[in-house]
There are 2 protein chains.
Amino acid sequence: MAQSSPNISCGNCPIRHNAVCAECDKDELAALEAAKSYRSFAAGEPLAVSGEALTHFSSIVSGCASMSRTLEDGRRQTVGLLLPSDFIGRPGRATAAYDVVALSDTVVCRFERRTFDGLVRDTPHIATRLLTMTLDELDAARDWAVVLGRMTAREKVAAFLVSLIRRRAAATGQGEPAGDVAVALPLSREAMSDHLGLTIETTSRQITAMKKDGLIQAINTRAFRIPSFEALALIAGEDDDGGPIA
Amino acid sequence: MAQSSPNISCGNCPIRHNAVCAECDKDELAALEAAKSYRSFAAGEPLAVSGEALTHFSSIVSGCASMSRTLEDGRRQTVGLLLPSDFIGRPGRATAAYDVVALSDTVVCRFERRTFDGLVRDTPHIATRLLTMTLDELDAARDWAVVLGRMTAREKVAAFLVSLIRRRAAATGQGEPAGDVAVALPLSREAMSDHLGLTIETTSRQITAMKKDGLIQAINTRAFRIPSFEALALIAGEDDDGGPIA
DNA sequence: CGTGACATTGATGCCTTTCAAGTAGGGTGG
DNA sequence: CCACCCTACTTGAAAGGCATCAATGTCACG
């Protein structure tokens with residue numbers, strides 16, 4: 001069950017320089033320290049349920065969660081993969097728009113909704129950071145629309161791996177990945193398929209085929225070695241500059 | 001060719017209460033009046049080109065534009081349909097992330113990029129409004145991901161018509177559409193297909209089939225009568241409360 | 001060592017794409 | 001004013017990719 005977690009100091013926080021608090025100075029941080037609390041969720045637990053009250057604004061500190069919507073007949077589409085520093089909720093809204101589920105054990109740093117609304121209103125450094133992050137998320141969502149709308153199953157799987165590897169590298173302060181890289185999948189084939197708009201079977205078959213083609217090597221079912229990141233990115237529909245093909 | 005257009009007063013502006021300026025008071029508006037300029041684009045003209053410099057932050061005043069990305073082999077996905085009050089550009093970025101093309105004759109109200117960056121920094125009412133709009137756009141982009149990833153061709157077409165009708169109603173200050181409604185398509189079958197992640201042929205076939213089923217009636221190729229908005233929304237995967245199905 | 005969740009593999013069918021041809025509407029020039 | 005033409009749209013036939021249904025395999029855990 002979801003549990004409160006002991007507070008850690010913002011100074012030691014792993015997402016200190018990437019989350020909504022990234023631009024805050026010492027004084028502002030003190031105000032956040034006073035208002036924040038931590039909570040941990042086990043893999044599979046819901047952090048939010050679409051349509052229901054969302055009492056807190058949360059930032060992922062560690063772990064991984066998916067944001068998704070499920071249609072009446074069971075079809076499900078993940079609309080975002082939440083990694084450390086990503087946020088859940090929005091100012092001025094009391095209801096969750098999507099289901100959010102922990103994919104692995106996850107810790108969040110959170111603020112009561114009304115408290116956070118006040119922080120956004122009174123702390124320009126939070127407001128501007130939130131705007132930047134939201135604009136980034138918007139670009140990411142739009143980029144993903146290209147994947148969902150126009151790419152083949154194989155391209156989708158490659159694009160997913162590429163984006164996962166890129167985000168990992170960015171989060172650890174590394175530059176653009178290159179050459180031989182490893183990637184651990186924080187999610188099941190089902191969660192992956194929901195993200196890609198594919199069935200589990202199609203996803204699995206594409207992975208198998210990509211192994212046969214030497215694009216990826218299985219370390220285990222949830223971890224791959226990628227002999228050539230560039231080759232993978234090429235399949236994902238990108239030129240070798242790291243951007244989408246002109 | 002793109003042309004400068006005579007300025008109109010913010011007081012008479014059709015998007016005064018919906019655009020980034022919506023929350024501005026009289027004094028702030030005066031600053032905007034001084035900095036703004038208008039420009040008009042004929043249908044088919046580019047407002048922005050992906051990867052190239054974007055010198056201005058623009059708001060659509062009238063008309064309609066599409067934001068899209070084209071892959072090397074010609075596959076194209078529209079990532080956003082821009083209607084009056086929607087904006088193009090983002091603070092602090094000098095390069096366009098997507099292609100933006102006018103679908104019909106379009107007028108924009110715009111600010112030089114650096115001027116706008118200053119306005120966002122110094123005018124809280126603009127910053128907060130921009131945040132709200134960006135969060136709304138993010139939700140819309142995520143909602144559309146469900147359509148692209150999990151819906152059938154027919155559902156996609158229905159969802160598109162529903163969203164178009166809803167946006168029209170919202171822009172003209174009406175509530176939720178109901179019963180017998182008409183809708184004028186501001187775009188070609190091709191642009192529509194790019195938005196839906198379908199081919200022109202599939203889109204056309206679905207429209208034909210929906211006519212046969214009595215869901216829509218052709219006024220002409222670019223305008224339909226919808227005998228029952230509710231019936232259309234149901235096909236688009238929504239319950240009759242206007243929200244996505246639980 | 002049995003059990004259950006997760007993943008892979010196989011066979012088949014269907015929806016969408018692809019390739020191709022035909023139709024309709026709008027504008028132009030004779 | 002009408003024939004012509006260009007573009008946009010529609011319709012048809014066939015192919016292909018992904019989904020569906022079904023079974024088998026694998027690993028962790030009790």
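So you know, we letter chains A, B, ... as the sequences are listed, proteins then strands, and number each from 1.
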Touch check for A:R222, heavy atoms < 4.0 angstrom, all strands: base, sugar-phosphate only, or nothing?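 Sugar-phosphate contact only - A:R222 comes under 4.0 Å of backbone atoms but never of a base.
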
Tell me the interatomic distance from [X], atom [atom1], to [N], atom [atom2], rounded to whole angstroms.
X      : N      : atom1 : atom2 : result
A:I207 : C:dC6  : CD1   : C1'   : 12 Å
A:K212 : C:dT9  : NZ    : P     : 6 Å
A:M210 : C:dA7  : CE    : P     : 17 Å
B:R75  : C:dT18 : CZ    : P     : 9 Å
B:I200 : C:dA20 : CD1   : C1'   : 14 Å

What string of B, S and - do you get for nucleotides 14-30 of chain D, 5' to 3', if B is base contact, S is sugar-phosphate-only contact and - is no contact with any protein heavy atom under 4.0 Å? ----SSBBB--------

Among side-chain atoms of B:E155 and B:T152, is any donor-acceptor pair under 3.5 angstrom? yes

Derivation and outcome, side-chain hydrogen bond (donor to acceptor under 3.5 Å, both in side chains), residues B:T172 and B:Q174: CA-CA 6 Å; B:T172 58; B:Q174 304 169 37; 2.8 Å; yes

Is any side-chain N of the basic residue among B:D213 and B:R154 closer than 4.0 Å to the acidic one's carboxylate O?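 A salt bridge links B:D213 with B:R154.
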
Check for a donor-acceptor pair, side chain of B:S58 on one end and backbone N or O of B:C109 on the other, with a separation under 3.5 Å. no

For the CZ atom on B:R167, are there more than 12 heavy atoms of other groups (residues, nucleotides or ligands in this structure) within a distance under 6.0 Å? yes

Below the 4.0 Å mark, does C:dT9 have OP1 or OP2 next to a side-chain nitrogen or oxygen of A:S204? no

Quick check: do A:L215 and A:F224 have side-chain heavy atoms less than 4.5 Å from each other?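 A:L215 vs A:F224: side chains apart.
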
Give the nucleotide from the list C:dT9, D:dT10, D:dT11 with an atom nearest to the side chain of B:R189.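 Nearest to the side-chain atoms of B:R189, counting from C-beta on, is D:dT10.
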
